[in-house]
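Step one of this worksheet: look at the structure below.
What you are looking at is a predicted structure, and each value in this text was computed from that prediction instead of being measured. Atoms considered below: every heavy atom in the structure, side chains included; atoms not considered: hydrogens, waters and symmetry mates.
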There are 2 protein chains.
Amino acid sequence: MAEEPDTPERISEAEHAVMEALWQRSPLTATEVCEQVCAPRGWSLATVKTLLSRLVAKQAVATEPDGKRFLYSPRIAREAYVGTESRRLVDRLFGGRAAPLFAHLAEADALSEDDIAEIEALLKALK
Amino acid sequence: MAEEPDTPERISEAEHAVMEALWQRSPLTATEVCEQVCAPRGWSLATVKTLLSRLVAKQAVATEPDGKRFLYSPRIAREAYVGTESRRLVDRLFGGRAAPLFAHLAEADALSEDDIAEIEALLKALK
DNA sequence: CGTAGTCGATTACGTGTGTAAACGATGGAG
DNA sequence: CTCCATCGTTTACACACGTAATCGACTACG
């Protein structure tokens with residue numbers, strides 16, 4: 001019984017694209033997912049089906065039968081995914097500290113005016 | 001002629017560990033790199049040699065003969081690597097905007113007091 | 001001078017990933 | 001009822017990655 005809390009299986013980049021589609025709107029059929037992601041990436045429906053299967057195996061998406069076909073929905077929250085992914089990067093590249101990442105983005109001119117304003121507001125809220 | 005500016009070959013996670021050793025101090029021999037990275041990861045010297053070869057193939061590190069053995073040094077700057085990697089993440093997860101990343105880190109309590117202070121200082125400098 | 005150790009290069013092998021075709025069931029059109 | 005369009009599932013395959021043993025060359029010790 002219940003070891004479902006899940007082994008946090010890694011989601012690959014291609015799989016992530018599928019997750020994004022599902023996070024945007026769900027449940028979706030495989031065909032609908034393809035409509036969202038196939039064109040920009042030049043994928044075929046078959047590819048999307050494979051990715052969906054793998055995501056189901058990884059317990060990252062759930063299936064719900066709808067007549068003959070299945071509907072797919074995310075089983076993990078976007079926040080969780082985004083959280084572990086950014087944490088991984090910050091750990092790997094910046095020794096777990098967020099400030100160096102921020103400094104790097106600043107130096108690389110990756111911060112827009114809007115970004116700066118927004119971050120300023122967030123900072124104020126944090127204090 | 002000259003397509004050396006390099007195909008921006010991706011550096012894998014294991015390879016990145018080797019790069020870190022070289023960024024910290026270089027040039028190093030394969031054995032010296034192993035001294036830095038083998039123990040924490042349970043790698044053998046053979047593994048490090050393979051990773052070094054692959055990095056040489058990817059033009060990410062340079063070799064310089066030193067008598068019988070080779071000395072390895074990074075051919076790409078840490079800043080460049082860190083830059084493209086963080087950019088990739090921000091693009092993939094936050095639509096290219098840094099502010100949402102920051103917001104996420106804030107919400108996840110991934111920001112220490114020091115981080116906040118440091119970022120505040122950076123912000124002030126940016127304005 | 002031969003032999004043991006060491007170095008980089010070559011080869012190996014299992015797994016994950018990207019990408020997809022083939023197959024089998026099934027539901028809807030005629 | 002029969003056949004075709006669709007599903008999801010199974011199988012495929014090349015390449016990247018993690019991890020390593022082996023091989024051929026060379027050096028240094030004896």
Nearest-nucleotide pick for [X], side chain only, options being [options]:
X       : options                : result
B:Thr47 : C:dA20, D:dT19, D:dG18 : D:dT19
B:Glu13 : D:dG18, C:dA20, C:dC7  : D:dG18
B:Lys58 : D:dT19, D:dG8, D:dC17  : D:dC17
A:Ala46 : C:dA20, D:dA20, C:dT19 : C:dA20
A:Lys68 : C:dA21, D:dT9, C:dT26  : C:dT26
A:Leu51 : C:dT19, D:dG18, D:dA20 : C:dT19
B:Thr50 : D:dA20, D:dG18, C:dA21 : D:dA20

- Query: When the ring planes of B:His16 and B:Tyr81 are compared, do they come out parallel, tilted or perpendicular, using 30° and 60° as the limits?
  - Reply: parallel
- Query: Should the ring pair B:Phe94 and B:His104 be called parallel, tilted or perpendicular, given that the plane angle runs from 0 to 90° and is split at 30 and 60?
  - Reply: tilted
- Using the closest heavy atom to pick a nucleotide of DNA chain C for each, name whichever of B:Thr29 or A:Arg41 lands nearer the 5' end. B:Thr29
- salt_bridge(A:Glu120, B:Lys124) N-O dist < 4.0 Å: no
- Between A:Arg25 and A:Glu32, does at least one N-O distance fall below 4.0 Å, as a salt bridge requires? no
- Message: If the cut-off is 4.0 Å, is A:Thr31 near the phosphate of D:dC7, judged by side-chain N/O to OP1 or OP2?
- Response: yes
- Item | Side-chain N,O (A:Ser12) to OP1/OP2 (C:dG18) below 4.0 Å | yes
- Heavy-atom neighbours of A:Arg78 CZ exceed 12 at 6.0 Å: yes
Could you state the atom-to-atom distance from [atom1] of [X] to [atom2] of [N] in whole Å?
X       : N      : atom1 : atom2 : answer
A:Leu71 : D:dC7  : CG    : P     : 11 Å
A:Asp66 : D:dG8  : CG    : P     : 10 Å
B:Arg10 : C:dG16 : CZ    : C1'   : 15 Å
A:Arg69 : D:dA5  : CZ    : C1'   : 13 Å
B:Leu55 : D:dG18 : CG    : C1'   : 13 Å
B:His16 : D:dG18 : NE2   : P     : 12 Å
B:Leu28 : C:dC7  : CG    : P     : 14 Å
B:Glu9  : D:dC15 : CD    : P     : 14 Å

- Item | Under 3.5 Å donor-acceptor pair, B:Arg54 side-chain atoms to D:dT19 base atoms | yes
